[in-house]
Student: 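Can you keep this structure in mind? I'll have questions shortly.
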Number of protein chains: 2
Amino acid sequence: MGRKRTKSGKIRLAEVAELAGVSPITASRFFRNPEALSVAKRTRVESAAKELGYVPNLAARALASQRTEVIGVLIPSLTNNVFSDVLRGIYDASEGSRYSIQLSNTRYSILQEEKLLRLFLAQKPAGLIVTGIDQTAESRAMLEAADCPIVQIMEIGPDPVDMMIGFSHYDAARAAVAHLFEQGHRKIGFVGARMDPRVQRRLDGYVSAMKDAGLFEQRLVVTTATPTSVTLGGALFADLLAREPDIDAVFCANDDLALGVLFECRRREITVPGQIAIVGFNDLEFMASAVPTLTSIRTNRYEMGKTAATMLINAIEGRRPEQPVLDLGFKVIERQSSSTRRSDSRPAVSGAGAANKMIALPSSHD
Amino acid sequence: MGRKRTKSGKIRLAEVAELAGVSPITASRFFRNPEALSVAKRTRVESAAKELGYVPNLAARALASQRTEVIGVLIPSLTNNVFSDVLRGIYDASEGSRYSIQLSNTRYSILQEEKLLRLFLAQKPAGLIVTGIDQTAESRAMLEAADCPIVQIMEIGPDPVDMMIGFSHYDAARAAVAHLFEQGHRKIGFVGARMDPRVQRRLDGYVSAMKDAGLFEQRLVVTTATPTSVTLGGALFADLLAREPDIDAVFCANDDLALGVLFECRRREITVPGQIAIVGFNDLEFMASAVPTLTSIRTNRYEMGKTAATMLINAIEGRRPEQPVLDLGFKVIERQSSSTRRSDSRPAVSGAGAANKMIALPSSHD
DNA sequence: GTCGTTGCTGGTAGCGCTGTCAACGTTCCT
DNA sequence: AGGAACGTTGACAGCGCTACCAGCAACGAC
């Protein structure tokens with residue numbers, strides 16, 4: 001009776017309401033705010049929906065309510081391990097919620113980011129997760145004008161658009177250099193690739209720590225705009241050695257580069273950490289397994305993504321966090337590659353990096 | 001005049017039509033099928049849309065047209081490098097098209113996949129990309145009943161739902177083992193982790209090649225359901241050595257494991273390839289940079305993603321491929337870790353794996 | 001000259017859902 | 001007892017767009 005079914009026999013809200021003996025609007029409320037219904041009707045609608053296998057039509061909902069249940073995510077790269085960890089956290093947090101993730105790739109271009117942002121915002125997303133704090137002026141203006149919660153991830157800075165979760169790359173780099181100082185190293189090179197804003201801030205942190213110690217020289221820094229890779233790590237390190245053959249340590253802007261440096265040392269029969277100490281950044285899984293095990297800066301990427309998405313969803317639903325800026329900090333994971341108190345270089349058991357000394361620091365943004 | 005603007009001053013199609021002096025439906029046609037308009041109106045609508053900064057409302061479009069412009073993608077993992085390469089290809093191909101990507105993560109569970117599939121299908125996606133050929137019976141039925149194009153990726157098999165693009169993991173594994181035979185190895189171990197269907201087929205290929213040569217022993221195979229990692233590669237290899245100390249080669253189901261094996265060899269002062277040869281799978285970037293450089297099976301992951309998305313979009317728009325099943329093949333990339341004709345183990349130049357011998361094979365699925 | 005045929009345009013009527021507001025019954029207070 | 005306050009429900013009117021079909025002009029074929 002009533003209206004005829006859609007061609008495909010699709011179940012509409014009206015059918016559910018009819019079976020439950022309520023009006024469509026009451027059935028609608030059941031899905032948005034069940035508490036508003038009396039218990040009797042709630043159970044009636046619930047079982048009717050289940051019986052008919054009702055699935056709400058998201059397009060109709062979006063059109064009628066003038067908002068979507070889409071969370072837009074803008075990241076610079078899909079390939080970089082760092083972002084895949086963050087993404088996993090985001091997807092895990094969104095799973096089970098009503099929100100779906102719309103992912104776009106800025107390819108490290110803030111102009112591309114601006115374009116994608118415009119596209120996203122036009123569809124009135126429920127919320128937005130953007131990477132970093134270096135947007136174009138126009139992007140920044142759009143973000144500030146957007147009427148949805150926004151989380152900036154990967155970094156923290158003084159001027160959040162809305163919410164922010166990350167850590168100080170600057171402080172983390174300073175901690176890495178401080179660790180090398182502690183181990184007695186003085187002539188510490190820096191190897192960096194891609195040089196996106198976060199890598200740049202790691203370089204800044206390195207430079208400031210070196211200057212503080214009166215040890216900075218421009219010649220110790222080798223960088224390139226080329227995307228990072230293990231092979232590139234080896235090549236950059238070769239350049240560095242050609243310039244400064246007597247360096248005693250290398251701080252790498254990421255772990256791939258560090259692994260490349262390690263391999264290059266092996267090729268040249270440079271002992272690690274005997275002749276050269278190596279410190280990486282991110283603490284990817286393989287760092288603990290390399291020979292020698294490689295010191296790195298652990299960052300909480302999965303947790304960052306998960307927390308960002310959780311905070312965002314809460315904010316969308318009106319539960320704003322008491323603390324909109326969250327510093328997840330970092331840890332210096334000291335391993336063989338930078339350790340002067342040399343354990344026997346060949347541990348009996350294959351288990352790598354037996355006892356990692358951890359130095360935990362909340363990054364204090366100054 | 002006419003109807004009032006939306007609260008936010010949003011530009012609707014009606015405003016564009018009004019400014020262009022045409023009916024809304026004509027303006028609508030401009031965005032869907034510009035060729036249907038006379039040149040005069042076409043340019044008028046075009047400039048009106050640009051002037052007003054019109055952005056179509058996708059929800060309204062989806063509701064009215066009963067279809068979406070969303071391509072659903074189901075992959076088992078976001079972290080695995082293999083899939084991030086595929087994804088990059090998919091996103092690259094979708095960029096610039098009208099279609100957007102909706103990504104979901106099955107976590108290697110076909111039950112989870114079935115659930116997600118049901119969710120996707122309910123929203124009438126324009127097309128679907130699913131990983132592999134091992135769906136539940138129910139998933140399979142849903143896919144077959146779906147009224148949208150579907151591409152299965154990563155593998156090829158005898159019975160495509162619709163389109164299919166990938167390669168034979170079985171043949172690739174056989175080729176890896178054949179390569180090790182050629183190099184004179186006989187006692188070849190297999191190391192595998194996670195054991196998803198594709199890894200399982202690599203194992204099957206290994207087993208069949210070994211049996212063909214009369215060399216198969218169950219004791220040569222070490223696998224675990226645990227997710228893969230470099231560290232795990234070392235641990236599994238240690239197990240293998242404990243069982244069979246006199247193996248002369250290891251075929252690893254992926255490159256992370258291979259790197260772990262390499263490190264474990266270094267820890268134990270086992271020379272590679274002198275005492276043990278190593279072959280990995282996927283040819284990730286670091287394989288060419290390790291010391292020694294590591295032999296692997298190159299698979300065309302980026303191309304696979306890109307081609308899959310391109311094929312899918314073409315099919316959505318009515319241009320079905322002449323060849324619905326595409327075998328992208330693989331290549332054995334021979335490097336130092338499995339080479340018996342020993343080049344000086346320490347090349348003068350740091351450039352790794354100077355001359356890679358490549359063995360290209362289209363995988364023939366039997 | 002009449003009849004199709006083609007190419008372009010517009011009117012009408014929803015797509016399935018929700019915002020708004022009014023109306024109802026019930027409870028609680030004074 | 002009267003009224004306010006609350007909790008619950010429903011009617012109505014779209015959200016912005018497109019499917020469908022009708023209309024109209026221009027043209028060629030018979």
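Labels below follow one simple rule: chain letters A, B, ... track the order of the sequence lines, proteins then strands, and each chain is numbered from 1. What you are looking at is a predicted structure, and each value in this text was computed from that prediction instead of being measured.
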Student: A:Ser77: which residues meet the side chain to side chain contact (heavy atoms under 4.5 Å, CB included) condition with it, sequence neighbours left out?
Tutor: A:Thr79, A:Asn80, A:Phe83, A:Tyr108
Student: Mapping B:Leu63 and B:Val39 onto DNA chain C by nearest heavy atom, which one lands closer to the 5' end?
Tutor: B:Val39
Student: Taking only residues two or more places apart in sequence or in another chain, which ones pass side-chain hydrogen bond (donor to acceptor under 3.5 Å, both in side chains) with A:Asp196?
Tutor: none
Student: Nearest whole Å is fine: how far is D:dG16 P from B:Arg32 CZ?
Tutor: 17 Å
Student: Using C1' atoms of five pairs at each end, report the bend of the helix from C:dG1-D:dC30 to C:dT30-D:dA1 rounded to 10 degrees.
Tutor: 40°
Student: Could you check which residues of residues 51-62 of chain B get a heavy atom under 4.0 Å from DNA chain C? Sort them by number, please.
Tutor: none
Student: Nearest heavy-atom pair of B:Ile165 and B:Ile156: which atoms, and what distance?
Tutor: C-CG2, 4.3 Å
Student: Could you tell me how far apart B:Phe30 (CZ) and C:dG7 (P) are, to the nearest whole angstrom?
Tutor: 20 Å
Student: Output a table of donor-acceptor pairs, distance under 3.5 Å, between side-chain atoms of residues 47-55 of chain B and any protein atom two or more places apart or on a different chain; print 'none' if there are none.
Tutor:
{"unit_1": "B:Ser47", "atom_1": "OG", "unit_2": "B:Thr43", "atom_2": "O", "d": "3.2"}
{"unit_1": "B:Ser47", "atom_1": "OG", "unit_2": "B:Arg44", "atom_2": "O", "d": "3.2"}

Student: Can you tell me how far P of D:dT18 sits from CG of B:Asn33, to the nearest Å?
Tutor: 12 Å
Student: Using the test side chain to side chain contact (heavy atoms under 4.5 Å, CB included), find all partners of A:Glu95 that sit at least two apart in sequence or belong to another chain.
Tutor: B:Arg107, B:Gln112
Student: Check nucleotides 9-13 of chain D for protein N or O atoms closer than 3.5 Å to its own N or O atoms and list the pairs.
Tutor:
{"unit_1": "D:dT9", "atom_1": "OP1", "unit_2": "A:Ser38", "atom_2": "OG", "d": "2.8"}
{"unit_1": "D:dT9", "atom_1": "OP2", "unit_2": "A:Ser38", "atom_2": "N", "d": "3.2"}
{"unit_1": "D:dG10", "atom_1": "OP2", "unit_2": "A:Ser23", "atom_2": "N", "d": "3.1"}
{"unit_1": "D:dG10", "atom_1": "OP2", "unit_2": "A:Ser23", "atom_2": "OG", "d": "2.9"}
{"unit_1": "D:dG10", "atom_1": "OP2", "unit_2": "A:Thr26", "atom_2": "OG1", "d": "2.5"}
{"unit_1": "D:dG10", "atom_1": "O5'", "unit_2": "A:Ser23", "atom_2": "OG", "d": "3.4"}
{"unit_1": "D:dG10", "atom_1": "N7", "unit_2": "A:Arg29", "atom_2": "NH2", "d": "2.8"}

Student: Among A:Leu128, A:Val70, A:Ile71, find the one that has a side-chain contact (heavy atoms from CB on, under 4.5 Å) with A:Phe120.
Tutor: A:Leu128
Student: Mind checking what makes side-chain hydrogen bond (donor to acceptor under 3.5 Å, both in side chains) contact with A:Glu144, not counting sequence neighbours?
Tutor: A:Arg140
Student: Look at the side-chain N and O atoms of B:Gln66 and state whether any lies under 4.0 Å from the OP1 or OP2 oxygen of C:dG16.
Tutor: yes
Student: Going by the rule side chain to side chain contact (heavy atoms under 4.5 Å, CB included), which residues pair with A:Tyr302 if we only count those two or more places apart in sequence or in a different chain?
Tutor: A:Arg88, A:Asp92, A:Lys306
Student: Could you tell me the separation between the CG atom of B:Leu13 and the P atom of D:dA19, rounded to a whole number of Å?
Tutor: 12 Å
Student: Do you know the tightest heavy-atom contact between A:Arg32 and A:Ile25?
Tutor: NH2-CD1, 4.1 Å
Student: Is there a side-chain contact between A:Glu113 and A:Ile110 (heavy atoms, below 4.5 Å)?
Tutor: yes
Student: Between the protein and nucleotides 23-25 of chain D, list every N/O to N/O distance that falls short of 3.5 Å.
Tutor:
none

Student: Any idea which heavy atoms bring B:Gln102 and A:Ile101 closest together, and the distance?
Tutor: NE2-O, 3.3 Å
Student: If you restrict it to nitrogen or oxygen atoms, what contacts under 3.5 Å exist between nucleotides 23-25 of chain C and the protein, and what is each distance?
Tutor:
none

Student: Between A:Glu46 and A:Arg42, is the closest basic N to carboxylate O distance under 4.0 Å?
Tutor: no
Student: Closer than 4.0 angstrom, basic N to acidic O: yes or no for B:Asp147 and B:Arg67?
Tutor: no
Student: When the distance from CZ of A:Phe31 to P of C:dC17 is rounded to whole Å, what number comes out?
Tutor: 9 Å
Student: Once you apply a heavy-atom cut-off of 4.0 Å, does B:Arg67 come out as touching a base, just sugar-phosphate, or nothing?
Tutor: sugar-phosphate
Student: Residues in side chain to side chain contact (heavy atoms under 4.5 Å, CB included) with B:Ser84, at least two apart?
Tutor: B:Asn81
Student: Please walk me through it: do B:Ser94 and B:Ser97 pass side chain to side chain donor-acceptor pair (under 3.5 Å)?
Tutor: CA-CA 5 Å; B:Ser94 76; B:Ser97 82; 5.3 Å; no
Student: Nearest whole angstrom, please: distance from the P of C:dC17 to the CD of A:Glu69.
Tutor: 13 Å
Student: To the side chain of B:Ser65, which of D:dC17, C:dG16, D:dA19 is closest?
Tutor: D:dA19
Student: Begin with the C-alpha distance, continue with both residues' side-chain angles, and end with the deciding distance and a verdict on side chain to side chain contact (heavy atoms under 4.5 Å, CB included) for B:Ile11 and B:Glu15.
Tutor: CA-CA 6 Å; B:Ile11 303 302; B:Glu15 271 84 50; 4.1 Å; yes
Student: Rounded to the nearest Å, what distance is computed from the CZ atom of residue B:Arg44 to the C1' atom of nucleotide C:dG10?
Tutor: 14 Å
